[in-house]
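Order of the sequence lines fixes the chain letters, A, B, ..., with proteins taken first and strands second; residue numbering starts at 1 for each chain.
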Amino acid sequence: MKKGDHLFLVDGSGYIFRAYHALPPLTRKSDGLPIGAVAGFCNMLWKLLRDARNTDVGVTPTHFAVIFDYSSKTFRNELYGEYKANRTAPPEDLVPQFSLIRKATQAFGLPCIEMEGFEADDLIATYARLATEAGGDTTIVSSDKDLMQLVNDTVSLYDPMKDKETRIPEVIEKWGVPPEKMIDLQALTGDSIDNVPGVPGIGPKTAAQLLAEYGDLDTLLSRAHEIKQQKRRENLIAHAESARLSRELVTLKKDVPIKEGLEDLVLTPTNGPKLIGFLKAMEFASLTRRVAEATDTDASAVEAAYVEVQKAEEAHGPDMDVTVTATAPGESSSGGDVTPVRGEEIDTPENLAKSRAAEISSLPIDHTAYTCIRDIATLQQWVALARETGTLALNALLNSNDPMQAELCGISIAIAPGRAAYIPLAHKERAEDLWGGGRLDGQIAEKEALEVLRPLLEDRSVIKVAHNLKQDWLALYRRGIEVAPFDDIMLISYVLAAGVNAHDLESLADKWLSHAPMSFKDLVGSGKAKITFDMVDLEHSTSFAAEHADIVLRLWEILKPQLVADRIVSVYERLERPLIPVIARMEHRGICVDRNILSRMSGDFAQQAAAMEDEIYELAGERFNIGSPKQLGDILFGKMMLPGGSKTKTGQWSTSAQVLEELAAEGLPLPRKIVDWRQVTKLKSTYTDALPGFIHPTTKRVHTSYSLASTTTGRLSSSEPNLQNIPVRTAEGRKIRTAFIAPQGRKLISADYSQIELRVLAHVAEIPQLTQAFADGLDIHALTASEMFGVPVEGMPAEIRRRAKAINFGIIYGISAFGLANQLGIPREEAGSYIKRYFERFPGIRDYMESTKAFCREHGYVETIFGRRAHYPDIRASNPSIRAFNERAAINAPIQGSAADIIRRAMVQIEGALADAGLSEIQMLLQVHDELLFEAPEELVETAIPLIRHVMEQAAGPVRALSVPLKVDARAADNWDEAH
DNA sequence: GTGGTCTCCTA
DNA sequence: GTAGGAGACCACA
């Protein structure tokens, strides 16, 4: 570098936050990737490189570099542990942009400089010094006051967003001191955002005045006793050390051991195609055009580059390593001393979401505008249109609710609000007998249609949107198509409003569009007269199906921005959306169930039940329907006048197992028999009789269906059949699990988290004894008992431990004396005293419960560790029992929900981890809340188990790593009973 | 046939 | 005390 050269140093990290807050949120069209700050950054770089002459700077650079913070931990933390300790994690939709902005810098062909242990400001200070020494000039592209100290005759600051340059006069004008005194000024004033202490009561005005009078900080501090104002004098004397420490913190380091010298920063001409490839990947159309013109590149000949988006865990940059503590939404403002510029033309994510909702919901829905696509040429036209808009809403119309069995009746699509169509594929002629005749003419064959649609469905640049996509995804997966990328409005709604409203399409259309879509039920009828969708005529089916896709598209336009406005993008993108293909593949695989074992058991149960029925009639003195609680209650408490009856809320005699057990304990034979009979008939009807009916005719396996959006807490649910409630507690019940088997040559691997909810509780409530106990691998229930009752863990009576265990579970469920008393069969007063003692031993738990309730009352929801929200608006109900119920649920939800999030994360990661280890033959089959069940070739079991365990145990981290270890037990066997 | 109630299976 | 799904019964249509 020589005289006349000009170095530009861009404060990349500062710019990221500034642009994020100042610019309207922008997302990549095709997949919703947030890119607002990236867009601002690219535009700024391009402007600096091309037109710097036309700005306040008035010069063009010869040397150029973009400087970043590596992390927020630097040598300053060693000086002062609290430095920047007030920072919170960056907003969700900003996180992916850290790495994108580094990639943008590289695409521009500019050096991207960062160094662990130093802030960007230190690197900037060092390069500015080197440039000055070499005789060159420096422009620092930033407006951070921390950099003002560097300004001199050859170094200036430039704010690209205000197009304003800061030289020596501007520093004096703004701060009242010349740049060389900025350090002393900052030492006095401190900085609440970076947590630089300074001297209390002294702001910039006073500091400037004092420095003008006394010259510098050291002189001021040594002569502080001369100051007239009492308070000011006292503060300066008392906080002299703090001022000196602050001076060290704010002084930028000018001798960082840099790797790249000035010669590495020489500006080279822009590589047009390289930059355009990146800009295209970001879908920045107008900048692409400008760069193409300026670099004389044919943009249409350049392919969009593949730009990988880093996960939050991998991203580094300012503040990424800050542990997030419970911060109420809206409270967190990242971005140093950035002043958000919010002109009238700039809008907040909230307002954007709101105006989008208003705009979309005002568009009328017109059924006559829908198209019925009946030939390939028309279909191809629609495919081309979808490529242009980059968005495709779709809905696969099936002739059955079971996507594993269903035939495809047709597919409806929408490419913009109001522009929707239906592609009938297998509709039948309506015959007299309602069961239909042959295939209706004028339909594209399924195979041909799918081959035309396939490139679109798999096109990385077209986002596919559906409501409950898993069903459509699975239907297409069965036909060899893997839809990607995609969004699911049901899951978006679930993330936004779990616990507030239903997420079915009708509810969403009503809520957001004030529109009642055509009723499916009216179309196909019900009961005996019910027909399948392929029997509906083309006019009605087009109306219905196209409207469905149209509504999905409109709702997506409304709901997607709402995720950004509510700052909850990452829950959707990391815990919900990626699970769709994972779960779809699990459902597709199914599990082997041995029909013979079940039918043998059914026979046994039938015999046992028949024998018991005879005895029961004998004891009762008459025949009656044992399965009827009403008749049974009349026999026991009416006819036989047994004592201890209690009533249900409708006034019926209760015949619950609990009541019957109490009677049996008094030696009465009939109640005992009834309990036994119930157990047998339950196992028979719900399991051994019902399960074989779910064995798929061709795969010969059972394919459950998981719902991703039906719980308030974030758990999955399983139905048709429910494989999350297969018996395990009694020996008789467990036998049912022996019917769940691995095929020849394979094994089932069951891996389950040990005590995951108690571990989560220990973490979120920060209970030292529990955290320590888990770290030491102790028996947590015995430890609780020991703490509570003063009994040593060694040789503890089983009954004591059982009580402690019940209390631990009670805590997770939002304990009440009533509930605990019921569970343990003890008086309510005794249960109350247990709870009292528990809270005395673990006061942190009560604090957690109280603060959780308070948070929920204030916000209407509670949050898991990962930010998932469970809404409980009724926590403010005036009815005490409704309120208490919601309070318990609110206490439970962060614990149950965080555990659910952790296993979701494990499920998302496991396929990739297995594939990377060459174990892709190992398949995940089932999830039972804290257990994952896999099927593996026998010879791979030993390699797989440690890997599965590792992924599951590490699934909470690294960003939200728990303060307790997670423990996973895993075992392999031929059937589920032995593996569990 | 549909919907409410009761009971019981799981984590 | 939390979170679910499902079968049987029964009153109602």
Side-chain angles (χ1 to χ4, degrees), chain A residues 498-499 521 525-530 624-633 647-660 674-675 677-687 689-691 694 704-707 710-730 732-734 736-737 752-758 761 806-824 828 831 834-835 849 862 870 872 881 884-897 899-900 903 926-931 980:
Chain A
K521 220 175 134 184
S526 69
K528 214 173 157 187
K530 190 170 175 179
F624 65 103
N625 187 343
I626 310 170
S628 162
K630 188 170 177 289
Q631 293 182 32
L632 179 62
K647 298 282 181 80
T648 67
K649 61 172 181 264
T650 49
Q652 289 285 319
W653 288 111
S654 169
T655 65
S656 67
Q658 195 183 357
V659 171
L660 298 181
I674 308 259
V675 169
W677 178 89
R678 279 208 183 139
Q679 193 203 359
V680 168
T681 53
K682 169 79 180 181
L683 294 175
K684 180 173 187 289
S685 66
T686 311
Y687 301 103
D689 285 353
L691 278 172
F694 288 101
T704 182
S705 172
Y706 285 102
S707 166
S710 64
T711 69
T712 313
T713 54
R715 275 192 175 178
L716 305 181
S717 77
S718 154
S719 63
E720 291 175 281
N722 180 356
L723 294 185
Q724 291 181 321
N725 71 345
I726 303 303
V728 70
R729 284 178 193 180
T730 64
E732 279 292 279
R734 276 192 84 112
I736 291 166
R737 293 194 173 216
D752 67 292
Y753 285 105
S754 160
Q755 322 257 33
I756 187 168
E757 294 192 349
L758 273 178
L761 173 69
I807 295 168
N808 277 333
F809 275 100
I811 294 294
I812 291 171
Y813 298 153
I815 202 153
S816 78
F818 182 83
L820 184 64
N822 251 342
Q823 176 68 31
L824 285 176
R828 202 182 313 176
Y834 282 3
I835 295 169
M849 290 182 160
V862 287
Y872 296 99
S881 70
F885 176 80
N886 279 274
E887 286 176 351
R888 291 194 296 271
I891 288 168
N892 174 256
I895 304 169
Q896 190 185 112
I903 198 164
L926 300 179
Q927 189 253 40
V928 191
H929 308 310
D930 65 1
E931 174 188 9
H980 183 73

Could you state the [atom1]-[atom2] distance from [X] to [N], rounded to the nearest angstrom?
{"X": "A:Ile891", "N": "C:dG1", "atom1": "CD1", "atom2": "C1'", "result": "10 Å"}
{"X": "A:Leu723", "N": "C:dA6", "atom1": "CG", "atom2": "P", "result": "10 Å"}
{"X": "A:Asp689", "N": "C:dA6", "atom1": "CG", "atom2": "C1'", "result": "13 Å"}
{"X": "A:Gln679", "N": "C:dA8", "atom1": "CD", "atom2": "C1'", "result": "17 Å"}
{"X": "A:Asn725", "N": "B:dT7", "atom1": "CG", "atom2": "P", "result": "18 Å"}
{"X": "A:Ile726", "N": "C:dG5", "atom1": "CD1", "atom2": "C1'", "result": "11 Å"}

Which nucleotide wins on minimum distance to the side chain of [X], given the candidates [options]?
{"X": "A:Asp930", "options": "C:dC9, B:dA11, B:dT10", "value": "B:dA11"}
{"X": "A:Pro727", "options": "B:dA11, B:dC9, C:dG5", "value": "B:dC9"}
{"X": "A:Leu820", "options": "C:dC9, C:dG1, C:dA3", "value": "C:dG1"}
{"X": "A:Thr650", "options": "B:dC8, B:dC6, C:dG5", "value": "B:dC6"}
{"X": "A:Gln896", "options": "C:dC10, C:dT2, B:dT5", "value": "C:dT2"}
{"X": "A:Ile815", "options": "B:dC6, C:dG1, B:dC8", "value": "C:dG1"}
{"X": "A:Val728", "options": "B:dA11, B:dT7, B:dT2", "value": "B:dA11"}

Presence of donor-acceptor pair under 3.5 Å, side chain of A:Lys682 and base of B:dC9: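 Per atom types, no contact qualifies.
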
May I ask you to test the [X]-[Y] pair for a side-chain heavy-atom distance under 4.5 Å?
{"X": "A:Glu931", "Y": "A:Ile903", "answer": "no"}
{"X": "A:Thr712", "Y": "A:Tyr872", "answer": "yes"}
{"X": "A:Gln724", "Y": "A:Tyr706", "answer": "yes"}

When rounded to the nearest 0.5 angstrom, what is the spacing between CD1 in A:Ile726 and CG in A:Leu691?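 One gets 5.0 Å once the value is rounded to the nearest 0.5 Å.
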
Which part of the nucleic acid does [X] contact within heavy-atom distance under 4.0 Å: base, sugar-phosphate only, or nothing?
{"X": "A:Glu720", "result": "sugar-phosphate"}
{"X": "A:Gln823", "result": "base"}
{"X": "A:Ala806", "result": "base"}
{"X": "A:Thr712", "result": "sugar-phosphate"}

Can you confirm whether the side chains of A:Gln896 and A:Thr713 place a donor and an acceptor under 3.5 Å from each other?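 Per modelled atom types, A:Gln896 and A:Thr713 side chains form a pair under 3.5 Å.
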
